[in-house]
**Q** 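Pasting a structure here, questions to come.
Note that the structure is predicted; figures quoted are calculated from it, not measured. Residue numbers begin at 1 in each chain, while the letters A, B, ... track the order of the sequences.
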Amino acid sequence: MRELSLNILDIAENSVKAGAKLVRVTVEAVPAEDSLVLTVCDDGSGMDAEMAARAADPFSTTRTTRKVGLGLPYLKMNAGMTGGSMEIESEAGKGTKVTATFVLGHIDRVPLGDMGQTMALLAGANPEMDFVYELCVRGAEDEDFILDTRDIKRILDGVPVSEPDVMTYIASYVNENTRGLLEKYKI
Amino acid sequence: MKSLEELKALRDKLQSDMALREDGEDKIKILVGMATCGIAAGARPVLTEFVDEIAKRGLRNVQVGQTGCIGICQYEPVVEVFVPGLEKVTYVKMTPDKVAKVVSGHIVGGAIVQEYTIGSETA
């Protein structure tokens, strides 16, 4: 996949299927350490140790249409290409946390891409769930951006988050408020 | 810069629109396949284009959503259109460029865009 935001959209679908109520996506860049860490953390049904150990294997999947599943393997590959890695922590009944570590400035590091579209689609297509997206850059002075669909819904006051106008708003809200950080730190 | 103040204005506009609208089960549904295969083939910009086009035209009886893999990954991005009372129409190998034609022809005009359907594909 050509953008990390596509990997995020893809693996967040696992959280949707796991019945999560809240999915937290965090992208943390530390330019001084040349690192970029992505975490996707949910409060869904989780996995037992055996399934968690097999989750990054393309020949293990929850899907029923065929016997391969490429969501987590793609993310692992993207992290690995930069010399980074991916880790899955999960507990049945509690939730799952996927952490992917990248070398920020590595030539093969896939750009973060359009997180606005990803968050708008996740929020709009799963209106009963909540999503938090946090982008932060750690340095002498931390800089960050947070989108929390619980805040959005409070403002919407009953207007569905799945309304096309609202989804379009969320996409541009995220992109316009993070563009500066993404360009400045080449995320 | 987009602010949350703009969202409040949008909410007020949508609230007054919704007061006028009759909500029911008669909505047209547009579902885009968003499993790994769909996403890798370019489903996200297709879904976004549908959302933008529906918002731009102010179509109130249309719902855009996502679905999983229906097993025809070689035809992704796949889009299914459900018009109440009619048979499902499956569009394949969709791109953002094709979206406006599907919305104006099929969703608004009621005429299926045959050239984009799975039936006109030779595998």
Side-chain angles (χ1 to χ4, degrees), chain A residues 1-3 5-14 16-17 58 61 63-66 68-75 113-114 116-118 120-122 124-127 147 151-160 162-177 179-180, chain B residues 1-19 21 23 27 29-73 96 103 107:
Chain A
M1 294 198 185
R2 287 182 289 263
E3 294 178 17
S5 62
L6 290 173
N7 292 114
I8 293 169
L9 179 61
D10 191 19
I11 66 163
E13 199 55 38
N14 297 333
V16 174
K17 286 212 197 84
T61 182
R63 63 195 286 163
T64 51
T65 46
R66 67 186 45 136
V68 293
L70 296 176
L72 286 164
Y74 267 144
L75 179 62
D114 196 328
Q117 280 192 33
T118 285
L121 298 190
L122 285 173
N126 307 286
L147 170 85
D151 296 335
I152 299 288
K153 286 172 185 169
R154 212 168 293 129
I155 294 173
L156 283 172
D157 191 24
V159 171
S162 56
E163 282 287 326
D165 291 282
V166 174
M167 290 172 69
T168 303
Y169 169 87
I170 292 174
S172 40
Y173 178 71
V174 171
N175 286 337
E176 286 181 25
N177 288 290
R179 187 170 297 129
Chain B
M1 222 53 132
K2 272 261 187 286
S3 69
L4 291 172
E5 285 306 311
E6 282 173 64
L7 183 61
K8 289 179 187 162
L10 179 61
R11 170 199 65 200
D12 294 343
K13 175 181 160 279
L14 290 172
Q15 273 172 339
S16 55
D17 282 1
M18 286 195 321
R21 152 169 44 139
D23 251 329
K27 282 199 166 191
K29 282 201 184 95
I30 302 173
L31 297 183
V32 181
M34 294 285 272
T36 306
C37 47
I39 294 172
R44 189 185 65 178
V46 169
L47 202 157
T48 299
E49 189 65 23
F50 269 110
V51 168
D52 290 350
E53 194 68 24
I54 302 298
K56 201 166 73 191
R57 290 168 174 267
L59 299 177
R60 292 274 164 244
N61 63 331
V62 185
Q63 192 186 330
V64 187
Q66 63 177 87
T67 181
C69 172
I70 60 169
I72 49 168
C73 308
V103 172
I107 309 301

**Q** Please step through side-chain contact (heavy atoms from CB on, under 4.5 Å) for the pair B/Lys2 and A/Asn175, ending with a clear verdict.
**A** CA-CA 9 Å; B/Lys2 272 261 187 286; A/Asn175 286 337; over 6 Å; no

**Q** What's the separation between atom OH in A/Tyr173 and atom CG in B/Leu7, rounded to the nearest 0.5 Å?
**A** 9.0 Å

**Q** Give, for atom CG of A/Asp157 and atom CG of B/Asp12, the distance between the pair rounded to the nearest 0.5 Å.
**A**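 A/Asp157 CG to B/Asp12 CG: 9.0 Å, rounded to 0.5 Å.
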
**Q** May I ask you to decide if A/Thr168's main-chain N or O and B/Asp52's side chain share a donor-acceptor pair within less than 3.5 Å?
**A** no

**Q** Main chain of A/Ala125, side chain of B/Gln66: is a donor-acceptor contact present, judged purely on distance under 3.5 Å?
**A**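 Checked: no pair found.
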
**Q** Could you pull out the closest heavy-atom pair between A/Pro164 and B/Ile54, with the gap in Å?
**A** CG-CG2, 3.7 Å

**Q** Answer with side chain, backbone, both or neither: which region of A/Ser162 has an atom nearer than 4.5 Å to a non-hydrogen atom of chain B?
**A** neither

**Q** In Å and rounded to the nearest 0.5 Å, what is the CD to CD1 distance from A/Glu13 to B/Ile39?
**A**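 Answer rounded to 0.5 Å: 7.0 Å.
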
**Q** Mark yes or no for whether B/Arg11, through its side chain, and A/Val159, through its backbone, hold a donor-acceptor pair below 3.5 Å.
**A** no

**Q** Is B/Glu53 close to chain A through its backbone or its side chain, or both, or neither, when contacts mean heavy atoms under 4.5 Å?
**A** neither

**Q** Which heavy atom of B/Leu4 sits nearest to which heavy atom of A/Tyr169, and what is that distance?
**A**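 Looking at all heavy atoms of both residues, the closest pair is CA-OH, 3.4 Å.
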
**Q** Considering only NZ, NE, NH1 and NH2 on the basic side and carboxylate oxygens on the acidic side, decide whether B/Arg60 and A/Asp165 come within less than 4.0 Å.
**A** yes

**Q** Any side-chain to backbone donor/acceptor pair from B/Arg44 onto A/Asp114? Under 3.5 Å, distance only.
**A**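 At least one qualifying donor-acceptor pair exists.
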
**Q** Can you measure from OG1 (B/Thr48) to CD (A/Gln117) and round to the nearest 0.5 angstrom?
**A** 3.5 Å

**Q** Heavy-atom distances under 4.5 Å only: say whether A/Ile152 touches chain B with side chain, backbone, both or neither.
**A** both

**Q** Pick one of side chain, backbone, both or neither for A/Val166, based on which atoms fall under 4.5 Å of a heavy atom in chain B.
**A**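 A/Val166 touches chain B through backbone and side-chain heavy atoms alike.
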
